[in-house]
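Written out below as structure tokens is the structure these notes cover.
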Amino acid sequence: MTPESPTRLAEALRRRDWLISVWPWRALAYAISTVPIAGLLAIGLLIVGAPLLAAANGLLLDGRPPGVALLLFLAVSSLGLLALAPIVSYPVAVIERWRLRLVDNRPLPAPSWPGLVARYRSAGAWREVVYLFCLGGFVPVVYWVFLLLVLLDLGMITSPWLAGDAEPVVIWQPIESTGEAIPYAIVAVLLLPVFCYAAGLVAAAQAEVTRWALAWPVDAVALREVARSRTRLVGAYEAERRRIERDLHDGAQPRLTSLTLQLGLAQLDVPEDSPAARPLAVAHDQARGLMVMLRQLVHGIRPQSLTDLGLAGAASELADVATIPVTVHADLRGELPEIVETTAYFVVSEALSNVARHARATHAEVRLTRVDGDLVVEVSDNGRGGADPTRGTGLTGLADRVAAVDGRLLLSSPAGGPTLVRVELPCRR
């Protein structure tokens, strides 16, 4: 099977064909395009930083405190820099998101301009400011040190041709002859692949920092509000579900039962050779079918066994009607929230149904435990494995149901088995 192409530079560096792939050239393009941007930002930081360094140097060497004019300049320039930083960081972030495509194929959201006031209030904007200072302050230093090392390596490579000149070549010590320079040149040539990997590593580290800093388009406040909104929706859904269940169980089901009984009694009073006998029998059969359908609907909303027996008993009942032997282990201490209990029941039901339809297993196991107060549901089988949510095995819908109550679903299903479905459901009341 052909290995998948790497999606980012950090993945490509771990491949054996790194040096002969296109990724070194992409890393080089990313590094070269970094130089003018980082250089301009570094100049801007030096305009403010140079007087500050001069004042610090005068204080340390001469013991002379900076003058009032210098202090005033430093204060004004620092405040001005902080005031302009959220505005300047926005176009820089747009360019950096675009440049990141050179070494990272994963999509990166690009938020639109939120407004001037929002730039000063947004946590994402201040993360971009931090990245701005990193790009203008730290990145140039790293690039400059790396450039010096590359120039030193190139000097070692050319030292055999330069050693014969009037002036000796100085690396760690003076080299006056070609013979003395050849070992240095050999080592330098051997270091060329190392420098190639090192350059890729520098570019990959910069790209990862860029993604970390710029891939935050939504503030924590918005995320908390979304979580609260989802909680409200789940609560409203649960209340509506229980209302529908109550109406069906207490309203429609007794009336349909009475109708079926009346049709049965009428069928006894009508002679078999009567023209009304056959339509009455058909109506009686349809009414009984509707009763079965209605019971299934009520059962699908909240199973009666779950209400009567609790989660452990309902899971054992599911195991009893399964087509393969199923072992249930339950260690449930304390009361569970109703929505969590219902979700766990349907997790077990759907997982066992998938085992019966797809796994070709001879045995399955269900574990229900409390871990740090939360409910953990594990369904495992000894089948053929290879479960894939994208192939319509019901796992996608199950994951959506679990996510609705802030839970998470984990799947382990290597080819050949075994398969383990683990669901963690928070039980905050």
side-chain contact (heavy atoms from CB on, under 4.5 Å) between R370 and D331, worked out: CA-CA 7 Å; R370 297 290 292 268; D331 182 14; over 6 Å; no

Got a second to check how far L151's CG is from M156's CE, nearest 0.5 Å? 13.0 Å

Salt bridge or not between E208 and R211? Use side-chain N to carboxylate O under 4.0 Å. no

May I ask you to test the I324-L352 pair for a side-chain heavy-atom distance under 4.5 Å? no

What is the minimum heavy-atom distance between V129 and S89, and which atoms define it? CG2-OG, 3.7 Å

Between A315 and V328, which heavy-atom pair has the shortest distance, and what is it? O-CG2, 4.0 Å

Min side-chain heavy-atom separation W212-Y131 under 4.5 Å: no

Measure the acute angle between the ring planes of Y197 and W18, then classify it against the limits of 30° and 60° as parallel, tilted or perpendicular. tilted

Test side-chain contact (heavy atoms from CB on, under 4.5 Å) applied to Y90 and I87, V94, V88, the passing residue: V94

Go through it in stages, so that I can follow the logic: the residues are T343 and V423, the test is side-chain contact (heavy atoms from CB on, under 4.5 Å), and I'd like the CA-CA distance, side-chain angles, deciding distance and then a yes or no. CA-CA 10 Å; T343 302; V423 172; 5.8 Å; no

In this structure, OG1 of T369 is separated from NE2 of H329 (nearest 0.5 Å) by 11.5 Å

Scanning both residues in full, the closest heavy-atom pair of L135 with P140 reads O-CD, 3.2 Å

Side chain S349, main chain Y345, donor-acceptor under 3.5 Å: no

The test is side-chain contact (heavy atoms from CB on, under 4.5 Å); show your working for D374 and E424 and say whether it passes. CA-CA 7 Å; D374 293 344; E424 300 172 359; over 6 Å; no

Can you confirm whether W126 sits close enough to V130 that some side-chain heavy atom of one is under 4.5 Å from a side-chain heavy atom of the other? no

Quick one: does R422's side chain have a donor or acceptor within less than 3.5 Å of a partner on E378's backbone? no

Decide yes or no on side-chain hydrogen bond (donor to acceptor under 3.5 Å, both in side chains) for R367 and S380, but give the supporting numbers first. CA-CA 9 Å; R367 289 186 176 273; S380 59; over 6 Å; no

Using every non-hydrogen atom in the two residues, find where I157 and A188 come nearest and quote the distance to one decimal. CG1-CB, 3.4 Å

Side-chain donor or acceptor of R384 paired with backbone N/O of H358 under 3.5 Å: yes

Say whether, by atom type as modelled, one donor and one acceptor occur between the side chain of N105 and the main chain of R8 under 3.5 angstrom. no

Rounded at 0.5 Å granularity, tell me how far CG in L28 sits from CH2 in W23. 14.0 Å

Donor-acceptor pair, side chain of D153 and main chain of L192, under 3.5 angstrom: no

Closest heavy-atom contact between D104 and R26? N-NH2, 4.4 Å

R97 side, atom CZ; L214 side, atom CG - distance, nearest 0.5 Å: 4.5 Å

Is there a side-chain contact (heavy atoms from CB on, under 4.5 Å) between T210 and R99 once you walk through the steps? CA-CA 10 Å; T210 302; R99 285 199 320 115; over 6 Å; no

For V340 against P426, the heavy-atom pair lying closest together: CG2-O, 3.4 Å

Do Q206 and Y30 come close enough that some side-chain heavy atom pair is under 4.5 Å? yes

More than 12 heavy atoms of other residues, nucleotides or ligands under 6.0 Å from CZ of R408: yes or no? no

Just verifying a value: how many Å separate E335 CD and C427 SG, rounded to the nearest 0.5 Å? 10.5 Å

What's the separation between atom OG1 in T362 and atom CG in N382, rounded to the nearest 0.5 Å? 3.5 Å

